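Take a look at the structure set out below.
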Amino acid sequence: MPELPEVEVVRRGLERGVVGRVIREVEVSHPRAVRRHVAGAADFRSLLVGRRIIAANRRGKYLWLALCPEPAAGEHTSTGAGDALIAHLGMSGQLLVVPSGSPDQKHLRVRFVFADEGRELRFVDQRTFGGLAIDVGGAQLPAPIAHIARDPLDPAFDEDAVIGRLRRRRTGIKRALLDQTLLSGVGNIYADEALWAARLHYARPTETMNRPEIRRLLVEVRAVMAAALDAGGTSFDRLYVSTEGVSGLFERSLEVYGRAGQPCGRCGGTIRRDAFMNRSSFTCPICQPPPRHPRW
DNA sequence: TAAAATACCTGCAGGC
DNA sequence: TGCCTGCAGGTATTTT
């Protein structure tokens, strides 16, 4: 599932594969893929044809391609300054840069053809939780994602401010980690991995945590994300791949996620799976004992 | 106002 | 073989 490291791998692939190129044609084959573009698929297409991509950016798990304010010569009318093509991969979205003419993927939703007739950009999404949209004038930071907090790998991440906000919450620590308005980029996999590394149970009430404890947790969040980034991300069932279609290798390094019934690599305890927020949490019951007064 | 619950989706595994 | 159920989970929306 794409979390911050996976999305960053994709962003780097887009930087290599599509930045600097002019879009010649856009085919939307599944309207749900552009449902967040309320003006519809035809408008989506008309805003993109003739535009040059000038940057590939990321905030948390959102990506956006900044578009040149001026259209390419002889092509479409400009819509004004710096629009943005926003992308979210959801659970199963892929942005692939592939040779034009290569066979369509089963769940191909949107195809981008470029004026240079080189490789195509394809948005492929099995479960259609992801999607694309245009934000007019949003090249710097699109309005629909302005509420997303900075991630722990962002140089402008304000750790002291995040610790303060986290301690004012009245909820469980994992819920807080997954709240993208508090800090972004953390999903179910890396939340479980970082909590294991910090020896914290997911139901630990945030208001009982002191500053050094939260700081130590954020160190582990950063460490697990950086290691995953080095490995090219985590892939399950090939639902996450890079823009070149390559799976990540971090699954081999997971300590708890998806390892219910197996021994903890630190203490030998048996890793357990609990239902949590309509999904799963994996913990070592010895390294991560539940708190006396849990907040789920 | 904050926190929690729910809806949105498809493919697959497992049980019967 | 075919049907059914549960599960995967990020985000927006609704409810408490």
Side-chain angles (χ1 to χ4, degrees), chain A residues 1-8 10-11 29-38 58-64 86-95 105-110 123-133 135 142-149 151 164-195 202-208 221 225 228 233-241 247-248 251 254 256-261 272-282 293-296:
Chain A
M1 319 308 166
E3 299 183 26
L4 185 150
E6 292 75 33
V7 177
E8 176 59 19
V10 171
R11 189 201 66 77
S29 50
H30 196 304
R32 191 175 150 74
V34 295
R35 67 192 180 284
R36 289 176 191 160
H37 189 79
V38 291
R58 181 182 62 77
R59 171 66 69 92
K61 301 169 198 168
Y62 280 91
L63 292 163
W64 76 94
I86 305 169
H88 196 290
L89 302 179
M91 285 176 64
S92 55
Q94 301 174 351
L95 282 165
Q105 290 74 10
K106 184 177 178 184
H107 303 290
L108 173 63
R109 311 302 189 192
V110 184
F123 179 64
V124 175
D125 192 3
Q126 177 195 99
R127 295 177 193 166
T128 65
F129 271 37
L132 309 176
D135 184 46
I145 61 179
H147 66 288
I148 302 293
D151 64 69
R165 290 183 63 200
L166 220 147
R167 293 186 68 212
R168 287 192 291 275
R169 289 292 177 96
R170 294 289 179 272
T171 188
I173 184 61
K174 184 171 175 182
R175 278 185 185 274
L177 281 181
L178 295 176
D179 183 343
Q180 304 296 302
T181 66
L182 198 56
L183 74 167
S184 69
V186 183
N188 203 39
I189 298 172
Y190 299 123
D192 279 3
E193 292 297 308
L195 287 166
Y202 59 86
R204 174 76 181 272
T206 47
E207 70 270 26
T208 68
V221 168
M225 284 183 167
T234 303
S235 301
F236 292 102
D237 304 328
R238 290 190 62 81
L239 282 181
Y240 156 73
V241 293
S247 295
E251 184 182 359
L254 295 176
V256 284
Y257 184 87
R259 296 191 63 238
R272 56 176 289 165
R273 170 189 172 276
D274 297 322
F276 173 83
M277 290 175 72
N278 288 329
R279 56 208 65 189
S280 298
S281 271
F282 296 89
H293 302 292
R295 277 191 186 273
W296 310 105

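Residue numbers begin at 1 in each chain, while the letters A, B, ... track the order of the sequences. When reading the values below, keep in mind they use all heavy atoms of this one structure, side chains included, and skip hydrogens, waters and symmetry mates. All values reported here derive from a predicted model rather than from experimental measurement.
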- prompt: When you check every protein heavy atom under 4.0 Å of nucleotides 4-11 of chain B, what one-letter string (B, S, -) results, 5' to 3'?
  reply: SSB-BBBS
- request: Send over the distance from R165(A) CZ to dT1(B) P, rounded to a whole Å.
  value: 15 Å
task: Output yes when a side-chain donor or acceptor of Q94(A) lies under 3.5 Å from a complementary backbone atom of S92(A), and no otherwise.
output: no
If you restrict it to nitrogen or oxygen atoms, what contacts under 3.5 Å exist between nucleotides 12-16 of chain C and the protein, and what is each distance?
residue	atom	partner	partner atom	Å
dA12(C)	OP1	Y62(A)	OH	2.6

Any side-chain heavy-atom pair of T171(A) and D179(A) under 4.5 Å: no
query: Atom CG of N188(A) and atom P of dA8(C): how far apart are they, to the nearest Å?
result: 9 Å
- prompt: Please give, in whole Å, the distance from dT11(C) P to H88(A) NE2?
  reply: 4 Å
message: Rounding to an integer number of Å, can you tell me how far I173(A) CD1 sits from dA3(B) C1'?
response: 15 Å
- request: Figure out the CD/C1' separation between E207(A) and dA3(B), and round it to whole Å.
  value: 12 Å
Heavy-atom check, side chain of P144(A) versus side chain of I86(A), under 4.5 Å: yes
- prompt: Which part of the nucleic acid, if any, lies within reach of S92(A) when heavy atoms closer than 4.0 Å are counted: base, sugar-phosphate only, or nothing?
  reply: nothing
message: So if I take the C1' atoms of five pairs at each end of the helix from dA2(B)-dT16(C) to dC16(B)-dG2(C) and get each local axis, what angle do the two axes make, rounded to 10 degrees?
response: 50°
- request: Decide, yes or no, whether a salt bridge links D151(A) with K61(A) under the criterion of side-chain N to carboxylate O below 4.0 Å.
  value: no
message: Within the 4.5 Å heavy-atom criterion, are D135(A) and I145(A) side-chain neighbours or not?
response: no
